[in-house]
2 protein chains.
Amino acid sequence: MTGQVRTVDGRVAGRRGQETRQKLLDCLREMLSTSPYRDVKVIDVARMAGTSPATFYQYFPDVEGAVLEIAEEMAKDSDTLKELVAGKSWAGKSGPTTSEELVDGFLAFWRKNDAILRVVTLGAAEGDKRFFKIRMTVLNSVAKPLAEAVKELQAKGQADKSLDPNAVSGALVSLLASAAEHQKAFTSWGVKVKDLKPNLAPLVYLGVTGKKAPK
Amino acid sequence: MTGQVRTVDGRVAGRRGQETRQKLLDCLREMLSTSPYRDVKVIDVARMAGTSPATFYQYFPDVEGAVLEIAEEMAKDSDTLKELVAGKSWAGKSGPTTSEELVDGFLAFWRKNDAILRVVTLGAAEGDKRFFKIRMTVLNSVAKPLAEAVKELQAKGQADKSLDPNAVSGALVSLLASAAEHQKAFTSWGVKVKDLKPNLAPLVYLGVTGKKAPK
DNA sequence: AACTTGTCCTGTCATGCCGTCAGCTTACCG
DNA sequence: CGGTAAGCTGACGGCATGACAGGACAAGTT
C-alpha cells in the first residue's frame, strides 16, 4: 500500500535519503509554526536542515508539495477523532459528558496540529482540491459519526426531525473548527481559554439533541 | 480626520496619483479573488494596472500594506451588519425571523467579501495583530449586539443564565463565519447552499434562547 | 585492496521577481 | 514662459527558484 518513497526524478530513496527527506519535512513543520506560510522559503528550510536547496528539490516538487505530505500525515492521524463520537451515548446524564469529551478532544487535536491546519484551511478556502480533500478527511472523522448519532436520535424521536442531520453535524463541526482556529478571538471577547469548553459543550449538546442539557 | 493620501516618500498625492493608487487597489482586489494569496506578485498587479512595479512601491510599502488598506475599507463596510441584530426581537414568532435574517445577512456579507476575508482570516490566525484587529471589527459588529441580546434575555429569565453571553455570542458568530468560509464543505456533505440558511438559523435561535424554535 | 554500482549531495547557472534610486516627464501656477 | 512639485519608469543589485552535471559516499564483488 505505502509505495516506496521516490525522488522527484524517479529514483528509489534509500536509508540515507529517507533520513534527509524526513529532516526536511521536520524543519518545514517547525518553520510553519514560527513564520507566516507566505514567507516560508525553500532556502530557509534547507539551511535549517543543514543541506542545500537543490537537495530539497530532489525530494519535493516545491514547498506546497512538501506541505501536502505533512498534511496527509496529519489527516491519517485524525482517524483517532472518530472515537470521540462513535458508540457514545447522547441519552440521559452521559449526553453532556459525551459532548464535553468531544469538544475537548477536538480542540486538543486542532491545537496540536495548529500550524499545518492553518495552511490546509487556507488552501481549501482558496479552492485547492487537494487541501480541500485533506480538510474534509479531518472534519469527516467527526462529522460522519456525529451525523449518524443525530439520525439515530431522530429515529427514536429524541430530536427535531425537520433538520438535516448532515447540516447539523456539519455546522457543529464547523463551529468546533472555527473556535479552535480562533481561540484568540474569544480571549478578546473576555472569554478565557479554559471557559471555552464549558461554553461550547452545551451548544453542541443543544445542537445534537435539540434540548437543554440536564443538570 | 481622513488625512491626505500620501506616497511612501511623503509627497501629497494629487488627482492623477490617487487615480493610479485606486487602480492598483482595484487590480489587487481582482487578483486576490482569482489566484492564491501566496502567488500574488507586485509585478502582476502593476502589469494589470498598466503601470510599473516601481509605481506600486510609491503608494504602498508592500503587498501586505495594500491588502490591509482593502481590508480596512471592508471593515468599515461591516458596520451595516450591526443592524441585523440591534433592536431586533427574539421573543415569540419574530425570534426565528430575526435569526434567519441574521444568518442570511451575514452569509451575504461574507460571500461579497470572500477573497479579502480569506486573507484577513489567515493573517489573524497567524498572529498578525493588524489583521486580527480587522477581523474582530467585522465579527464584533455582530457579536457585540448579539451578546447584548443574550444578556437581556437572561435578565428576563428567558435564557440559561449559566452561560457566558460573550462566549455564546462569540461561538455563534464563529459558526456563521466558518460556515460562510467553507460553504463548499457543506456541499460535499450533501447539504445544498440554499439549505444552509434553514439549517443554521434554528441553531442560532437555539443558541441565543436555549429553546426549540416555535412552529 | 581495488573495482563497480547505484544512491546521495552540492556547485553552478539561467531565470525571474523584489525593492530602490536617480532622473525624466507631466501638470499646475504665477 | 519658467519654476516647482507630482508622477512615473528604466535599470540595477540582491535573492529565491529550479535544472543539471559531476563528485562523494556506502556496500557489495572479485
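Computation of the quantities below employed the complete heavy-atom set of this structure, encompassing side-chain atoms and omitting hydrogens, waters and symmetry-equivalent molecules. Every value quoted in this text rests on a predicted model; they were computed, and no experiment measured them. Naming convention: chains lettered A, B, ... in sequence-line order (proteins, then strands); numbering from 1 in each chain.
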Is a donor from one side chain sitting under 3.5 angstrom from an acceptor on the other, for B:Asp164 and A:Trp189?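 Result is no, nothing qualifies.
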
Run the salt-bridge test on B:Glu73 and B:Arg29 with the 4.0 Å N-O cut-off and return the result as yes or no.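 Answer for the salt bridge query: yes.
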
Euclidean distance, A:Leu117 CG relative to A:Leu122 CG, rounded to 0.5 Å: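 Nearest 0.5 Å value for the CG-CG distance: 12.5 Å.
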
B:Lys88 atom NZ: more than 12 heavy-atom contacts under 6.0 Å: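 Buried by this count: over 12 neighbours within 6.0 Å.
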
Please check if the number of heavy atoms outside A:Lys23 that lie under 6.0 Å from its NZ is greater than 12.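 Result for NZ/A:Lys23: open.
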
Provide, to the nearest angstrom, the distance between the CD atom belonging to A:Glu64 and the P atom belonging to D:dG18.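 Atom-to-atom, A:Glu64 to D:dG18, this comes out as 11 Å.
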
Rounding to a whole Å, what distance do you find between A:Arg47:CZ and C:dC9:P?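 Those two atoms, CZ and P, are 18 Å apart.
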
Nearest heavy atoms of B:Phe186 and A:Ala171, plus distance in Å: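 Nearest heavy atoms, B:Phe186 then A:Ala171: CE2-N, 3.5 Å.
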
Who pairs with B:Glu83 by salt bridge (Lys or Arg N to Asp or Glu O under 4.0 Å), at least two apart in sequence or on another chain?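 B:Glu83 satisfies salt bridge (Lys or Arg N to Asp or Glu O under 4.0 Å) with no other residue.
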
Looking at C:dT20, I'd like to know if its phosphate oxygens (OP1 or OP2) sit under 4.0 Å from a side-chain N or O belonging to B:Tyr57.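 For C:dT20, OP1/OP2 do not have a side-chain N/O of B:Tyr57 under 4.0 Å.
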
Worked check of salt bridge (charged side-chain N to carboxylate O under 4.0 Å, His left out) between B:Arg38 and A:Glu64: CA-CA 11 Å; B:Arg38 200 165 199 276; A:Glu64 202 178 89; over 6 Å; no

Heavy-atom contacts, protein to nucleotides 7-13 of chain D, under 4.0 Å, summarised as B (base), S (sugar-phosphate only) or - (none) per nt, yield BBBB---

Please list, by residue number, the residues of residues 31-46 of chain A whose heavy atoms come closer than 4.0 Å to an atom of DNA chain D; answer none if no residue qualifies.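 Contacts with DNA chain D under 4.0 Å: A:Lys41, A:Val42, A:Ile43.
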
